[in-house]
Amino acid sequence: MVWPNNLFTLGTAAFLYCSSLTSADLTNCTSIGGGSNNQGSLQDCSSLTSITWPAQAFTTGSCAMASTAITSADLTNCTALASYTFSNC
């Protein structure tokens with residue numbers, strides 16, 4: 001998927017249950033959402049294996065990438081990692 005250069009926030013449940021999503025370039029994101037209802041931006045994207053992580057400071061919301069196939073994460077620029085961000089990975 002090609003993401004716009006001005007994508008700064010990925011909202012709650014933006015790609016929830018998108019099983020065909022295999023990679024995401026989040027280079028410009030500053031917020032990767034989640035919510036109190038535990039519906040993360042990329043939650044249950046079961047084929048998601050690769051993320052290009054933000055180049056600047058960023059935060060994640062609750063369950064943001066839960067139940068994905070991600071096996072590694074560069075969190076160098078992460079300033080806040082919410083509960084259950086990577087649960088069931």
Side-chain angles (χ1 to χ4, degrees):
M1 174 173 278
V2 177
W3 306 81
N5 289 334
N6 61 350
L7 176 68
F8 299 113
T9 301
L10 197 57
T12 299
F15 290 93
L16 183 66
Y17 301 115
C18 186
S19 61
S20 61
L21 185 66
T22 59
S23 65
D25 182 346
L26 303 178
T27 303
N28 295 319
C29 278
T30 56
S31 177
I32 304 167
S36 58
N37 56 357
N38 292 333
Q39 292 185 331
S41 296
L42 299 166
Q43 183 176 348
D44 289 306
C45 293
S46 56
S47 299
L48 181 62
T49 58
S50 173
I51 291 182
T52 303
W53 298 95
Q56 67 284 333
F58 70 96
T59 61
T60 69
S62 179
C63 297
M65 288 155 277
S67 299
T68 62
I70 295 170
T71 58
S72 66
D74 179 358
L75 301 176
T76 304
N77 295 320
C78 187
T79 58
L81 188 66
S83 300
Y84 307 107
T85 295
F86 294 104
S87 67
N88 297 318
C89 286

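Nothing fancy with the numbering, it's 1 onward along the sequence.
- Put simply, OG on Ser67 and CG on Leu42 are 12.0 Å apart, with the number rounded to the nearest 0.5 Å.
- Heavy atoms only, all atoms of each residue included: Ser23 and Leu21 are closest at O-CD1, 3.4 Å.
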Side-chain polar contacts of residues 80-89 - donor-acceptor pairs under 3.5 angstrom, sequence neighbours left out - could you list them?
residue, atom, partner, partner atom, Å
Thr85, OG1, Thr60, OG1, 3.0
Thr85, OG1, Ala82, N, 3.4
Thr85, OG1, Ala82, O, 2.6
Ser87, OG, Tyr84, O, 3.4

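- Of all heavy-atom pairs spanning Ser41 and Gly34, the tightest one is OG-N, 4.4 Å.
- In this structure, the side chain to side chain donor-acceptor pair (under 3.5 Å) partners of Thr76, at least two apart in sequence or on a different chain, are Asp74.
- Every residue meeting the side-chain contact (heavy atoms from CB on, under 4.5 Å) condition with Phe8, not counting sequence neighbours, appears here in chain and number order: Asn6, Asn28, Thr30.
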Acceptor/donor pairs from residues 46-55 side chains to any protein atom, 3.5 angstrom cut, sequence neighbours excluded:
residue, atom, partner, partner atom, Å
Ser47, OG, Ser19, O, 2.8
Trp53, NE1, Ile51, O, 3.3

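- Grouped with Leu16 in one hydrophobic cluster are Tyr17, the linkage being side-chain heavy-atom contacts under 4.5 Å among Ile, Leu, Val, Met, Phe, Trp and Tyr residues.
- Closest heavy-atom contact between Leu26 and Ile32: CD1-CD1, 3.7 Å.
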